[in-house]
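Beneath this line is the structure, given in structure tokens, with notes to follow.
When a residue number appears, it is its place in the shown sequence, counting from 1.
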Amino acid sequence: MNVKTVSPASPPTYANSATQPVLGNLKDANTIPLPAVPVAIETDTVTSEVLKSARDIAFELAGEAVRYDPVAIAAEYQNRPLEVWGRLLSVIWTFFGFTFSLWFDGKTGRTATNEKRRAARLREILSQLGPAFIKIGQALSTRPDLVPPAYLEELTTLQDQLPPFPNEVAYRFIEEELGAHPREIYAEISPDPIAAASLGQVYKGKLKTGETVAIKVQRPGLAENIGLDIYILRRVALWAQNNFKMIRSDLAGIMDELGERIYEEMDYTHEGQNAERFRELYGHLKDIYVPSIYWQYTRRRVLTMEWITGIKLTNLEAVKAQGIDAPYLIEVGVQCSLRQLLEHGFFHADPHPGNLLATPDGKLAYLDFGMMSEVKPYQRYGLLEAVVHLVNRDFEGLAKDYVKLDFLTPDTDLTPIIPALARVFNNALGASVAELNFKSITDELSAVMYEYPFRVPAYYALIIRSLVTLEGIAINVDPEFKVLSKAYPYVAKRLLSDPAPELRTSLQELLFKQGEFRWNRLENLLNNARDSEDYDISKILNQALDYLFSQRGDFIRDRIVLELVKSLDTLSNNAFANAKSVVGEWFGVKPHPPMVSQTEQKNLEHIKRIWDILQSTPGFDSMKVLQLLPQLLVKPEVQNMGQQVVGGLAQRVVARVIREFLLSQEPAVISGETNYPKIPPQLSLPAANSKSY
């Protein structure tokens, strides 16, 4: 993998923690100066080539990482039934006691009185049950629209305020992994962990070269504890899947996906690799910051990472006190997430508040790259098409998207599903894109999935978790924030600019329906796309021209010729009618208003508005467009289009002369459209260039 490495000899302004501590309150964290003992790893000025070598060495010394293998895990625990049943009954009994307490509070009218105590108890239960259950609590902690405030406050502490394990164990792991005691490796290290998360804990330290770093050390016995819980949850998922017909989702597949991600988190060399890949793909985006990895001090159970000073986005008072625009950073996060999911496919699957920090200079810093996932190209294009079809209420197209995305099998009868999608999504969509929110859409979709043969693919679960978590953070910052409203400009830009055949086809289907060009759709796309930050109208126009004059653009050229003929004929007819009216007034003849199709008149209005949108789009230069005309006029395709336009106009002019002067019959106007009587066969005209307009 080709990744970018950063030399620790030139550290950026901020230095970071790998497991999301709130560093705004830790500026004066105590550290223990360590004696200058010769270090096993040379830390003089390091070049990028040496860093690359250090990363290779880190991977080699890390050895074989523990990988998620459901078959091997099942084989292990099938022979340990007492341990499995003991753990299962313990979990059931723990939650039974908590559920009974809630029921009893409701019966005795003490729900509000005991709410804080019950919330604290739930947080304690999840902490005691271990990493798998902590992950569930972390997801819930980002949903103020689902979880009462008292519970939200308690569950938020699951992100980085879990009980730590002893320093002696952490120091032993550092020595085993790096080959020397921490006092020989680091110049300074905090006396206690400054944060403890589900899989590890973090110390603040300083390298002997002066860089401030975060030292992340893995919890002991992690693989054993997680393996048992994943095995139990997977068995429960399989049992539920086989015994409840209403469940059509691949629950076992979803558990496998979660298990694979958690096991990857347990390999810190893999996390370091993820961080570098994330930095390469998204670190260049405006106001996005990704910390660097110090590979000389990173192994499978120890990760040394650049330290980031920052504040959680959900700590609104602290963010405002620093003069940071939290809503803006949320938009930055949404735009970064869109590129993760829909552009490169490599996305952060755990963007909870502790992993997103606002830095003092107003940037959004991403932390903790243990849980990442990927969206395949066909899935990315399918998601883009689905958003477009959803926003434009094209439910037939949306149903087909679900087939492409593996929610429905290719042989599924979509006839009853299309009106069902229309029914539920029309309720969720509201009046405009601005009213969309991700939760309402997923809630409505769940109702359809129970009724029809949908199966939720495993990859979709992490995407939903990522988007719902991000929306939860956004709602906490701004209750009126709508993720899809902020996302659609990017989607519109991709649809207009991406040369992929899938999106070219989708754009064509969006703009043309039953042979008619839908100007309002193009107007809507252009209007939304210009709000996308990296929207380059000049590049899009060049791409559009390249596509138009390619073999694939033959259909579009035909439709453009037809629309040009209609529009020019309307303009010429109006001009002729106006001239005739003026001359008639000279001779005292009462003028007759021109009979113009309302559809063609509306098309002219759309074209004018589209031109206005283009002129108001940043980066658009009408003079550059005019400079392209000489180059276009020499193209054979343009000359052929010109001949077709002239031929089409000639046909219309002759047909109009025949109607007005030979047939002597007034046209009938119905519903605002001009409906001329049929021309007798003997008066029909031959088509120009074998095309009729």
message = For a quick test of reading the model, state the closest non-hydrogen atom pair linking T298 to T304 and the distance between them.
response = OG1-N, 3.2 Å
inquiry  = Could you report the tightest heavy-atom contact between A358 and L329, atom names first, then the distance?
reply    = CB-CD1, 3.5 Å
query = Can you name the residues that form a side-chain hydrogen bond (donor to acceptor under 3.5 Å, both in side chains) with T409, not counting sequence neighbours?
reply = D411, T412
request  = Hey, could you give me each pair passing salt bridge (charged side-chain N to carboxylate O under 4.0 Å, His left out) that has a residue in residues 75-91? Not counting sequence neighbours.
outcome  = E76-R80, R80-E83, R80-E224, R87-D229
ask   = Between Q128 and F133, does a side-chain contact (heavy atoms from CB on, under 4.5 Å) hold up when you go through it step by step?
value = CA-CA 9 Å; Q128 293 167 2; F133 295 91; over 6 Å; no
key: Pair F454-I417, side-chain contact (heavy atoms from CB on, under 4.5 Å): steps then yes or no   = CA-CA 10 Å; F454 282 83; I417 294 177; 4.1 Å; yes
inquiry  = Is the shortest side-chain heavy-atom distance between Q78 and Y231 below 4.5 Å?
reply    = yes
request  = Check whether any side-chain heavy atom of E175 sits under 4.5 Å from a side-chain heavy atom of I185, and report yes or no.
outcome  = no
request  = Answer yes or no: is there a side-chain heavy-atom contact under 4.5 Å between V375 and F347?
outcome  = yes
ask   = Hey, is CZ on R235 packed in by over 12 heavy atoms from elsewhere, all under 6.0 Å?
value = no
4.5 Å side-chain heavy-atom contact, V217 and Y268 = no
inquiry  = I want to check something: taking the side chain as every heavy atom from C-beta on, are R118 and F98 in contact at a cut-off of under 4.5 Å?
reply    = yes
ask   = Does some side-chain heavy atom of Y203 sit less than 4.5 Å from a side-chain heavy atom of P182?
value = no
query = Parallel, tilted or perpendicular for Y402 and F407, by the 30°/60° rule?
reply = perpendicular
query = Would you find a donor on one side and an acceptor on the other, under 3.5 Å apart, between the side chain of R494 and the backbone of L342?
reply = yes
key: Full working for side-chain contact (heavy atoms from CB on, under 4.5 Å) between Y77 and I230   = CA-CA 11 Å; Y77 288 105; I230 290 292; over 6 Å; no
ask   = Which value, rounded to the nearest 0.5 Å, describes the distance between L207 atom CG and Y186 atom OH?
value = 7.5 Å
ask   = Is the H348 ring parallel, tilted or perpendicular to the Y366 ring (thresholds 30°, 60°)?
value = tilted
note = P291 and M305 have their tightest heavy-atom pair at CG-CE, 3.6 Å
request  = Mind checking the NZ-OG1 spacing from K204 to T212? Nearest 0.5 Å is all I need.
outcome  = 6.0 Å
query = Should the pair R277-E280 be classified as a salt bridge under the 4.0 Å nitrogen-to-oxygen rule?
reply = no
query = Do L313 and L364 have side-chain heavy atoms sitting under 4.5 Å apart?
reply = yes
message = Determine whether D401 and K404 satisfy the following criterion, side-chain contact (heavy atoms from CB on, under 4.5 Å), listing intermediate values before the conclusion.
response = CA-CA 5 Å; D401 293 332; K404 295 178 186 177; 4.2 Å; yes
ask   = Closest approach of I73 and G227, non-hydrogen atoms and distance?
value = CG2-O, 3.8 Å
From OG (S337) to CG (L356), nearest 0.5 Å = 8.0 Å
note = Result for salt bridge (charged side-chain N to carboxylate O under 4.0 Å, His left out) between E177 and one of R299, K216, R301 points to R301
ask   = Nearest heavy-atom pair of F346 and Y282: which atoms, and what distance?
value = O-OH, 2.7 Å
Spatial distance of atom CG (L303) from atom CD1 (I215) [nearest 0.5 Å] = 10.0 Å
message = Under a 3.5 Å distance rule, please check whether R339 uses its side chain to pair with a backbone N or O of Q335 as donor and acceptor.
response = yes
ask   = Can you tell if the side chain of Q218 reaches within under 4.5 Å of the side chain of L199, non-hydrogen atoms only?
value = no
request  = Walk me through it: do R172 and E168 pass the test salt bridge (charged side-chain N to carboxylate O under 4.0 Å, His left out)?
outcome  = CA-CA 6 Å; R172 176 165 54 84; E168 293 76 13; over 6 Å; no
ask   = How far does CD of Q201 sit from CZ of R219, to the nearest 0.5 angstrom?
value = 6.0 Å
key: Taking every non-hydrogen atom, the tightest pair across A474 and I330   = CB-CG2, 3.5 Å
query = Is there a donor-acceptor pair closer than 3.5 Å between any side-chain N or O of N274 and the backbone N or O of F369?
reply = yes
request  = Report yes or no: do Y263 and D69 form a side-chain donor-acceptor pair below 3.5 Å?
outcome  = no
ask   = Could you state the interatomic distance from SG (C336) to CG (L285), rounded to the nearest 0.5 Å?
value = 5.5 Å
key: Donor-acceptor pair, side chain of R234 and main chain of M255, under 3.5 angstrom   = no
